[in-house]
Amino acid sequence: MTDQTISRAAKARAGTPVNSPARVLLASLIGTTIEFFDFYVYATAAVLVFPTLFFPAEDATTALLASFATFSIAFFARPFGAIVFGHFGDRVGRKATLVAALLTMGISTVIIGLLPTYAQIGVAAPALLALCRFGQGFGLGGEWGGAVLLATENAPEGKRSWYGMFPQLGAPVGLFLSSGFFWVLLHFMSQDDLLAWGWRLPFLASIILIVLGLWVRLSITETPEFAEAVKRDQRVSVPVVELFRNHKRSLFLGTFVALVTFVLFYICSAWLLSYNVKVRQIAFMDALLMQIYGAVVFGVAIPIAGKVADAVGRRPFLMVVTVLIGAFSFFLAPLMGGGQGSLYLFVTLGMFLMGLTYGVIGAALAAPFPTRVRYTGASITFNFAGIFGASLAPYAATWLQQTYGLTHVGYYMGAAAVITLLCILASGRDEV
């Protein structure tokens with residue numbers, strides 16, 4: 001028997017426990033929502049408070065760049081998390097590994113909320129912040145791949161893109177909640193109070209989300225495809241070794257198929273927030289409101305992507321969306337250089353395109369790998385893409401804008417779209 005999806009009825013007849021669709025999709029969605037909430041709380045704080053509290057410098061741009069440098073640490077940590085959690089996810093099971101990843105991410109986030117600042121302990125403060133940021137990335141590196149597999153390995157035939165879309169919804173929901181949390185804080189407290197103690201609340205609130213996530217995750221059973229692999233003794237001793245020995249092509253192409261997804265998102269979120277606040281001098285609350293609006297647009301587009309991709313195929317769908325992102329890159333400078341209405345149009349177009357590409361990228365990156373190495377393969381591919389596409393995107397966009405202007409930020413996005421399109425074209429029908 002191959003790794004093809006067998007019907008739910010066949011699984012039931014074989015005695016494999018079948019999770020209800022609602023429970024599976026809720027477990028995959030709530031886990032990624034919590035992980036991305038934690039991740040984006042840091043991204044927002046990296047713009048609003050960390051440059052002042054952890055990276056004092058003579059000018060604001062230097063402090064912001066230092067803050068973005070620690071922001072990037074998580075992306076370099078994510079492949080290590082993918083390897084470690086992927087190993088246990090492919091050896092022990094998806095369920096237990098997802099619980100461990102959630103705890104790793106959550107504990108790192110809560111500790112950030114308890115850290116002393118630079119004024120209190122000096123250079124040890126940014127060092128501890130960087131260590132916690134590494135922990136966040138390590139946990140998220142193991143979370144995403146498992147959540148996608150939890151959904152897709154329970155999916156009926158012909159609905160993998162639709163099921164794979166649900167864990168992807170965690171990104172816009174997490175962005176909405178994190179931005180909304182800071183917006184509420186600014187609505188009820190002064191900026192001085194936010195810098196003094198209010199910034200800690202979103203990080204500490206992660207405790208509530210962790211408990212909720214654990215309750216949902218512990219209520220599900222193992223995925224049918226992994227249970228079948230165990231029954232047939234199809235597991236391998238060291239998944240990462242087999243992955244790099246036999247699946248290098250899929251790793252390479254998958255990494256760059258997802259490249260523009262990451263570049264687009266972090267230009268339209270973390271960097272845009274920074275640009276609005278630091279360059280355009282837009283009030284924090286107004287800038288956050290724009291990001292909240294973007295999260296809604298992002299979330300609306302993801303289910304559309306799941307439905308359309310199942311109907312027309314992921315590969316042609318991703319090709320069309322990537323071409324549209326490339327075309328959109330030429331409008332970055334004029335839209336961002338205009339008034340408030342022009343900025344909202346930029347957010348609308350950018351985040352809608354983001355939802356279209358992100359909605360199917362999970363199923364696309366998992367597709368080429370067999371069950372025995374799929375957790376490791378999908379996780380490493382996604383997180384390698386994060387290094388190349390996201391880790392330096394806010395830093396690079398800030399530097400390009402400061403040095404050459406907004407037009408070159410558009411060129412940066414356009415170049416990523418070209419690379420992604422070439423890798424999609426190089427991929428076969430069963431590789432995306």
Side-chain angles (χ1 to χ4, degrees), residues 40 43-44 46-48 51 59-61 64-65 67-68 71 171-172 175-176 178-180 182-183 186-187 191 260-302 304 320-358 389-390 392-418 420:
Y40 296 148
T44 304
V47 174
L48 299 184
D59 65 276
T61 300
L64 179 62
L65 289 174
S67 183
F68 276 152
F71 172 80
L175 178 63
F176 179 88
S178 61
S179 301
F182 273 102
W183 187 88
L186 286 168
H187 189 75
Q191 189 172 336
V260 77
T261 301
F262 281 95
V263 171
L264 175 64
F265 178 70
Y266 283 96
I267 283 179
C268 291
S269 58
W271 177 71
L272 177 63
L273 180 64
S274 166
Y275 176 80
N276 282 339
V277 172
K278 305 297 183 182
V279 178
R280 297 285 299 250
Q281 299 295 304
I282 295 175
F284 281 173
M285 288 185 66
D286 293 337
L288 283 172
L289 196 61
M290 188 178 297
Q291 186 153 289
I292 292 168
Y293 166 76
V296 174
V297 175
F298 183 17
V300 167
I302 287 178
I304 297 173
V320 171
V321 174
T322 302
V323 170
L324 291 175
I325 294 171
F328 172 67
S329 69
F330 290 98
F331 294 92
L332 184 148
L335 288 175
M336 292 197 65
Q340 186 173 9
S342 182
L343 278 174
Y344 266 95
L345 180 58
F346 172 81
V347 172
T348 302
L349 295 174
M351 294 306 272
F352 190 82
L353 288 170
M354 177 62 200
L356 294 183
T357 180
Y358 191 72
L392 299 179
Y395 186 103
T398 299
W399 182 82
L400 286 169
Q401 184 270 322
Q402 292 276 343
T403 308
Y404 299 106
L406 288 170
T407 302
H408 283 72
V409 180
Y411 293 159
Y412 173 47
M413 184 191 297
V418 170
T420 288

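Along the sequence shown, residues carry numbers from 1.
- L332 CG to Q401 CD: the interatomic distance, rounded to the nearest 0.5 Å, is 10.5 Å.
- With sequence neighbours excluded, the residues forming a ring-ring contact (aromatic ring centres under 6.0 Å, His included) with Y40 are F36, F265, listed by chain and number.
- For the residue pair G350 and C268, the shortest heavy atom distance occurs at CA-SG, 4.0 Å.
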With side chain to side chain contact (heavy atoms under 4.5 Å, CB included) as the test, would you mind laying out the steps for V347 and V297 before giving the verdict?
CA-CA 8 Å; V347 172; V297 175; 5.8 Å; no
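- Remark: I282 pairs with N276, R280, D286, A287, L343 by the side-chain contact (heavy atoms from CB on, under 4.5 Å) rule, at least two apart or across chains.
- Shown here are the ring-ring contact (aromatic ring centres under 6.0 Å, His included) partners of Y412, two or more places apart in sequence or in another chain: there are none.
- Interatomic distance, CG of L288 versus CZ of F182, reported as 8.0 Å (0.5 Å rounding).
- Applying the side chain to side chain donor-acceptor pair (under 3.5 Å) rule to S329 yields no partners; only residues at least two apart in sequence or on another chain are considered.
- Rounding to the nearest 0.5 Å gives a distance of 15.0 Å between CZ of F284 and CG of L289.
- Although no hydrogens or angles enter the test, the distance criterion places a donor-acceptor pair under 3.5 Å between the side chain of T420 and the main chain of A416.
- Under the side chain to side chain donor-acceptor pair (under 3.5 Å) criterion, T407 pairs with no residue at all, not counting sequence neighbours.
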Which is it for W271 and V409 under the side chain to side chain contact (heavy atoms under 4.5 Å, CB included) test, yes or no, and what are the steps along the way?
CA-CA 11 Å; W271 177 71; V409 180; 4.1 Å; yes
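- When every heavy atom of G355 is checked against every heavy atom of A301, the shortest pair comes out as CA-CB, 3.7 Å.
- Residues forming a side-chain contact (heavy atoms from CB on, under 4.5 Å) with I292 (at least two apart in sequence, or on another chain): F176, S179, W183.
- Between L273 and Q291, the shortest heavy-atom contact is CB-OE1, 3.6 Å.
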Pair F328-L264, side chain to side chain contact (heavy atoms under 4.5 Å, CB included): steps then yes or no:
CA-CA 10 Å; F328 172 67; L264 175 64; 4.1 Å; yes
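- Taking every heavy atom of both residues into account, F331 and A327 meet most closely at CD1-O, 3.3 Å.
- Y404 pairs by the side chain to side chain donor-acceptor pair (under 3.5 Å) definition with nothing, not counting sequence neighbours.
- Not counting sequence neighbours, the partners of F262 by the ring-ring contact (aromatic ring centres under 6.0 Å, His included) test are F382.
- Within a 6.0 Å radius of OH in Y395, other residues, nucleotides and ligands contribute 12 heavy atoms or fewer.
- By the 4.5 Å heavy-atom criterion applied to side chains, Y275 and L406 are counted as neighbours.
- Residues passing the ring-ring contact (aromatic ring centres under 6.0 Å, His included) test with Y344 are Y293, sequence neighbours excluded.
- Annotation: side chain to side chain donor-acceptor pair (under 3.5 Å) contacts of S178 (sequence neighbours excluded): none.
- Across all non-hydrogen atoms, the minimal contact from S269 to Y266 is OG-CA, 3.5 Å.
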If you apply the rule side chain to side chain contact (heavy atoms under 4.5 Å, CB included), what do you find for L175 with M351, and how did you get there?
CA-CA 12 Å; L175 178 63; M351 294 306 272; 3.9 Å; yes
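- For A393 against G389, the heavy-atom pair with the smallest separation is CB-O, 3.5 Å.
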